[in-house]
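Heads up, the thing below is written out as structure tokens.
Here the structure is a predicted model, which means the values were calculated and not measured.
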Amino acid sequence: FVWRDHPEGRWLGVHLLNECGTAVSNLYNQGLANFFADDLFAWDALVLIPSPAVQQRLAEHLKGEAPLRFHQPKYNMVAYPYSSQYQNSNQWVLEVLAEALAGQDFASREEAQRGLKEAGYHPTTLQIPMFTRLGGRMFKANVAFDDHPTDRRMAGQIDTVTVDSIADFLTRRDTATRRQVIRF
């Protein structure tokens with residue numbers, strides 16, 4: 001999330017990052033220069049600007065305890081969206097966003113995930129064959145599949161939270177959301 005903690009404040013980027021090479025994540029609240037100074041894959045950004053009402057609720061949640069309440073430090077790049085065992089960076093964003101969109105406080109990640117199901121959130125399904133899954137789990141600390149339903153996992157269907165699934169959900173739930181791609 002990019003936001004200001006008060007109208008004249010500086011712009012901050014609040015996000016969850018995986019500690020490289022580990023299965024651990026932390027939350028970071030930093031200026032935009034630091035946010036974009038990371039080793040980026042591509043120098044472009046998808047900016048989703050929700051309606052003013054959703055922006056206001058997000059700001060209230062970001063000032064409060066929501067960022068920490070929804071953080072699971074056990075990081076999994078392909079975490080299952082309806083499990084609280086692990087979390088990926090996009091899943092943290094989605095769970096905080098779900099609370100703001102619902103206009104109510106969720107007591108837990110599980111409650112946010114139930115709210116997402118009820119609101120019609122659809123994760124992205126990745127087709128990942130068995131040997132690729134096995135290799136990922138064996139050689140990467142931040143990849144696990146044991147939180148996924150067995151039948152889908154065995155079929156190579158891995159459901160996870162992606163930027164695309166968040167953008168789709170937000171624009172369906174808050175139709176006033178504006179979408180802008182910025183290429184640096």
* Asked: If you round to the nearest 0.5 Å, how far is CD of Glu111 from OG of Ser84?
  -> 12.5 Å

* CG on Leu12 to CG on Asn29, rounded to 0.5 Å -> 5.0 Å

* With rounding to the nearest 0.5 Å, note down the distance linking CD in Gln87 to CZ in Arg109. => 4.0 Å

* With rounding to the nearest 0.5 Å, note down the distance linking OG1 in Thr177 to CG in Leu170. => 3.5 Å

* **Heavy-atom check, side chain of Ser89 versus side chain of Gln91, under 4.5 Å** => no

* Ion pair check, Arg57 and Glu99, cut-off under 4.0 Å -> no

* Asked: Does the separation of the ring centres of Phe1 and Trp92 fall below 6.0 angstrom?
  -> yes

* Asked: In Å, rounded to the nearest 0.5 Å, how long is the span from CZ of Phe106 to CD of Glu95?
  -> 10.0 Å

* Is the NZ atom of Lys63 crowded by more than 12 outside heavy atoms at less than 6.0 Å? -> yes

* Indicate whether the side chain of Asp174 and that of Ser51 have a donor and an acceptor atom separated by less than 3.5 Å. => yes

* Asked: According to a 4.5 Å side-chain heavy-atom criterion applied to Ile, Leu, Val, Met, Phe, Trp and Tyr, with indirect links allowed, do Ile49 and Leu101 form part of one hydrophobic cluster?
  -> no

* To do: Look up atom OG1 in Thr150 and atom CZ in Phe145, then write down how far apart they are to the nearest 0.5 Å.
  => 13.5 Å

* Asked: Under 4.5 Å between any side-chain heavy atoms of Val78 and Leu126, yes or no?
  -> yes

* Asked: Are Thr160 and Tyr80 linked by a side-chain donor-acceptor pair shorter than 3.5 Å?
  -> no

* Verify side-chain hydrogen bond (donor to acceptor under 3.5 Å, both in side chains) between Gln157 and Asp151, making sure each step is shown before the conclusion. => CA-CA 9 Å; Gln157 298 172 329; Asp151 60 331; over 6 Å; no

* So Lys74 and Asn76, side chain to side chain contact (heavy atoms under 4.5 Å, CB included) or not? Walk me through it. -> CA-CA 7 Å; Lys74 292 181 186 175; Asn76 177 5; over 6 Å; no

* Residues Asp159 and Thr124: side-chain donor-acceptor under 3.5 angstrom -> no

* Asked: Would a hydrophobic clustering, with Ile, Leu, Val, Met, Phe, Trp and Tyr connected at side-chain separations under 4.5 Å, put Val2 with Leu16?
  -> no

* To do: Describe, in one word, how the ring planes of His15 and Tyr28 are oriented to each other, choosing from parallel (under 30°), tilted (30 to 60°) and perpendicular (over 60°).
  => tilted

* **Non-hydrogen side-chain atoms of Pro73 and Asn26 separated by less than 4.5 Å** => no

* Structure fact -> Residues passing the ring-ring contact (aromatic ring centres under 6.0 Å, His included) test with Tyr86, sequence neighbours excluded, are none

